[in-house]
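Heads up: the structure comes next, in structure tokens.
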Amino acid sequence: MAFWHALLANWQSAWKARGLEPLPRVSLTPPDQKGNLTLNIFPLLKAFQNNPQKAAQAVLEPIPHIAQVEVVRGFINLTFTPAFWQEFLAEALQAPHRGYTRLSLAEGQKIMVEFLSPNTNKPLHLGHLRNLFLGESVCRLWERLGAQVIRANLLNDRGIHICKSMVGWKRFFAPRKPAEVGKKGDHFVGDCYVAFEKAYKAQVDQLKSQGVPEEEALVQAPLFQEAQALLRAWEAHEPEARQLWQEMNSWVYEGFEATLRRLGVRFDRLYYESETYTLGKALVEKGLSKGIFFQAEDGSVWADLSTVGLGRKLLLRRDGTSVYITQDLGTAHRKFSEYPDLTRSIYVIGDEQDHHMRVLKALLAQLDLPYAEKIYHLSYAMVELPTGRMKTREGTVVDADDLLDEMHAQAYALTESSLPENERHTIAEMVAQAAIRFYLLRSDPKKPILFDPAESIDLKGFTGPFLQYGYVRAKRLLEKAAEQGIEYSPNMALPPLQPAEEALLQQLYGLPSFLEGAARGLDPSILAHYGYELTRRYNELYQTLPVLMAPEPERNLRLGLTLVFLEALGAVLETLGIGVPARM
RNA sequence: GGCCCCGUAGCUCAAUCGGAAAGAGCACGGGAUUUCUAAUCCCGCGGUUGCAGGUUCGAGUCCUGCCGGGGUCGCCA
């Protein structure tokens with residue numbers, strides 16, 4: 001008996017030894033067909049004069065534990081023997097971490113995943129949550145494959161947008177502090193930013209009404225002038241500017257930390273743009289002296305990426321200061337200096353930066369840096385509202401904390417009122433987070449998500465709480481079994497399988513291949529779909545067949561199925577970052 | 001205008017290097033609870049996969065053109 005990867009490895013070496021090529025592809029048999037696993041041998045048919053039976057015979061000859069075979073055109077549907085399934089259940093329970101819920105495919109790999117990377121001038125919103133959940137889940141996926149993962153976060157803590165918040169505070173909120181107004185620090189600073197933008201827009205409108213063209217108005221507005229002056233003061237290390245900057249950022253960090261603590265996310269390495277924004281200059285100058293980059297007449301430095309279809313890219317302004325990409329070059333370099341043995345460096349960043357990240361990679365390649373090919377942009381699409389994109393200025397942003405609170409309230413209303421108050425809140429919080437996480441992870445990352453605040457997030461159907469509920473019920477059933485002194489015995493032979501039992505066994509068996517697929521594709525939605533289907537199959541069994549009151553050996557089989565189901569679903573939920581209450 | 005992503009049921013999404021008769025959830029209609037938690041289960045309804053060609057044993061998937069939505073493109077981050 002072997003789990004997915006070991007089983008396939010055995011088969012493949014047997015096929016290779018017999019010269020069968022190309023190798024059949026193996027997948028779970030679709031529900032409407034009879035069988036457990038399907039071998040796709042279409043590509044092999046030519047070698048057997050288009051005779052599927054002959055080809056199937058050759059392919060199956062070295063494979064043990066087959067109870068039944070159906071050959072349909074280029075498909076071989078095979079059904080395992082009860083003895084195979086008995087052994088599978090026993091081993092999945094005995095050592096799940098050895099190839100079932102944990103794999104060793106990525107052992108020895110060291111992967112850095114940079115995600116979240118927020119601006120520090122406003123609180124986290126729904127888009128950040130998509131980034132956060134995606135990043136965290138990808139980390140957990142690769143940890144399950146055996147890799148060592150470093151979670152990194154680059155805080156965009158300086159720049160004109162930060163200065164806008166600072167001016168906003170000075171003009172409209174000083175000397176008040178978050179604690180005095182009873183607000184989370186990140187929300188308070190966000191208010192400062194919004195107040196700035198509102199007043200700034202009013203100034204621009206006024207200038208425009210006086211006949212000033214918009215482009216000039218945007219620059220001439222006194223508030224903008226003030227923000228720019230503040231940025232210059234900050235860059236000149238003037239104490240007053242630095243002190244306010246530091247204090248306001250500390251408010252934001254407190255707020256962020258509270259949200260991240262609530263969501264159970266921790267980073268291993270924090271990068272601050274205030275420390276990295278001058279990095280990269282040395283790299284650019286080196287490239288310049290080697291003739292890789294060139295200097296324009298006005299003194300600005302450029303890269304020519306037209307050979308790879310990316311045009312020209314500015315690297316240093318004419319005053320010699322860095323632009324964003326310069327900082328990125330420096331940070332990439334720093335990452336590999338700090339962790340020279342990184343096998344891969346993943347950036348979880350929205351798809352509006354596809355071009356930017358392509359440029360970054362191309363520049364590193366031009367500089368002939370060996371890690372150029374190790375960086376990868378995990379690009380994800382935006383979360384959109386029915387009205388279009390979220391816009392801070394228009395007040396259409398769905399705030400992360402608010403959303404969590406709203407979902408908590410919704411979930412709370414569904415909890416059993418006889419439970420103690422604090423437990424009701426614990427349950428509500430877990431259900432709320434499951435709902436949001438699953439909702440944001442169940443879609444392909446590169447596809448936009450449409451979020452309708454009015455309808456909010458479901459708690460039924462294809463949702464996080466559905467999986468949680470399945471888990472909780474199964475767990476409670478086991479507790480009942482324990483109370484009654486019923487134990488699973490791995491040595492008891494299996495009875496003939498009911499359809500619901502066989503369907504569940506089959507899905508359970510597929511777990512390792514889905515873990516691998518989701519990790520390699522950097523796509524947790526694959527696992528979300530797997531987990532939903534798994535739970536659906538367990539629910540069907542639970543609903544239609546008795547477990548504890550069934551006679552032996554049926555009871556033993558269903559107990560074993562329940563145990564392995566919990567093992568598998570537990571792994572799925574953990575990987576998606578979803579916790580489970582004791583009851584719900 | 002150039003480049004990139006997306007277009008599948010009324011809505012939100014699946015479909016594993018191209019593989020079986022394109023599947024789920026929501027919504028809608030019907031049914032199931034003396035039985036391990038009904039946040040559940042079962043049945044029904046619902047499709048010219050944006051359009052037109054091409055490649056092949058086979059195309060939602062690959063290629064070409066077009067239509068529609070979004071993003072992005074030398075001194076913002």
Side-chain angles (χ1 to χ4, degrees), chain A residues 22 25-33 38 40 42-43 45-46 50 72-75 77 119 156 158-162 273 277 296 298 300-303 309-319 321-325 327-328 350-356 358-359 379 381-382 384 388-389 411 414-416 431 439 442-444 446-452 455 458-463 465-466 468-470 472-474 476-481 484 510 513-514 516-518 521 525-526 528-530 532-533 535-536 539-550 558 562 583-584:
Chain A
R25 276 175 41 212
V26 183
S27 56
L28 298 180
T29 304
D32 56 337
Q33 301 290 323
T38 294
N40 183 324
F42 277 94
L45 288 182
K46 254 180 249 157
N50 284 319
V72 187
R73 298 189 290 139
F75 298 106
N77 297 324
N119 291 336
N156 297 299
R158 51 130 257 139
I160 190 70
H161 53 294
I162 309 296
E273 201 200 322
Y277 83 109
D298 64 1
S300 55
V301 177
W302 298 74
L310 293 169
R312 291 174 168 190
K313 180 68 188 172
L314 178 83
L315 301 176
L316 292 176
R317 295 191 186 94
R318 53 177 166 259
D319 62 5
T321 56
S322 300
V323 291
Y324 193 59
I325 194 83
Q327 177 267 135
D328 265 343
D351 62 7
E352 78 272 11
Q353 296 207 41
D354 283 356
H355 181 261
H356 178 84
R358 234 169 269 161
V359 168
S379 171
M382 301 288 103
E384 290 166 7
R389 292 185 75 176
L414 288 174
T415 55
E416 190 59 51
V431 170
Y439 184 81
R442 72 184 197 187
S443 296
D444 182 337
K446 47 177 199 299
K447 293 190 180 175
I449 291 177
L450 188 77
F451 177 76
D452 189 342
E455 293 180 16
D458 278 339
L459 300 172
K460 323 185 278 194
F462 181 41
T463 67
F466 178 93
Q468 276 180 324
Y469 185 69
V472 167
R473 267 198 326 193
R476 293 286 288 178
L477 191 143
L478 281 189
E479 286 170 20
K480 284 255 159 67
Q484 296 170 29
S513 82
F514 283 87
E516 184 191 359
S525 76
I526 291 171
H529 281 94
Y530 169 83
Y532 173 76
E533 181 62 23
T535 307
R536 212 186 57 71
N539 282 348
E540 191 183 337
L541 181 145
Y542 184 96
Q543 197 81 20
T544 55
L545 300 170
V547 178
L548 300 181
M549 298 205 292
R558 290 168 199 166
T562 300
R583 49 187 169 175
M584 62 188 277

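Protein chains get the first letters and strands the later ones, always in sequence-line order, with residue 1 at the start of each.
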Looking only at atom C1', what distance separates G60(B) and A14(B), rounded to whole Å? 11 Å

What orientation do F75(A) and F42(A) show, parallel under 30°, tilted 30 to 60°, or perpendicular over 60°? perpendicular

Given that both distances must come in under 3.5 Å, which nucleotide forms a Watson-Crick or G-U wobble pair with A24(B)? U12(B)

Return the stacking result for A20(B) and F75(A): yes when the ring centres lie under 5.5 Å apart and the planes under 30°, no otherwise. yes

pair_partner(C3(B)), Watson-Crick or wobble, both distances < 3.5 Å, evaluates to G71(B)

For the base of A14(B), is there a side-chain donor-acceptor partner from S525(A) under 3.5 Å away? no

Side chain of E540(A) only, heavy atoms from C-beta on: which candidate in A77(B), C42(B), A39(B) is closest? C42(B)

If only atom types and distance count, is the side chain of T562(A) paired as donor or acceptor with the main-chain N or O of R558(A) below 3.5 Å? yes

Using a 90° cut-off around 0 for syn, call C26(B) syn or anti. anti

Y532(A) on top of A24(B)'s base, within under 5.5 Å and under 30°? no

State whether the side chain of R442(A) and the backbone N or O of T463(A) hold a donor-acceptor pair below 3.5 Å, judged by distance alone. no

Is there a donor and acceptor pair, one atom on the side chain of N77(A) and one on the base of A20(B), closer than 3.5 Å? yes

Here the distance between atom C1' of G25(B) and atom CZ of R442(A), to the nearest Å, is 7 Å

Counting any heavy atom closer than 4.0 Å, what does I325(A) reach on the DNA or RNA strands: base, sugar-phosphate only, or nothing? nothing

What about E352(A), does its side chain sit under 3.5 Å from the base of U72(B) through a donor-acceptor pair? no

Kindly indicate whether the side chain of R536(A) and the base of C41(B) share any N or O donor-acceptor pair separated by less than 3.5 Å? no

What about R476(A), does its side chain sit under 3.5 Å from the base of C36(B) through a donor-acceptor pair? no

Is any N or O donor-acceptor pair between the side chain of D298(A) and the base of C75(B) shorter than 3.5 Å? yes

Rounded to the nearest angstrom, tell me the gap between atom CD in Q468(A) and atom P in A38(B). 17 Å

Given RNA chain B, 5'-ward residue of the pair G159(A) and G309(A), judged by closest heavy atom: G309(A)

At under 4.0 Å between heavy atoms, what does Y469(A) touch on the DNA or RNA strands: base, sugar-phosphate, or nothing? base

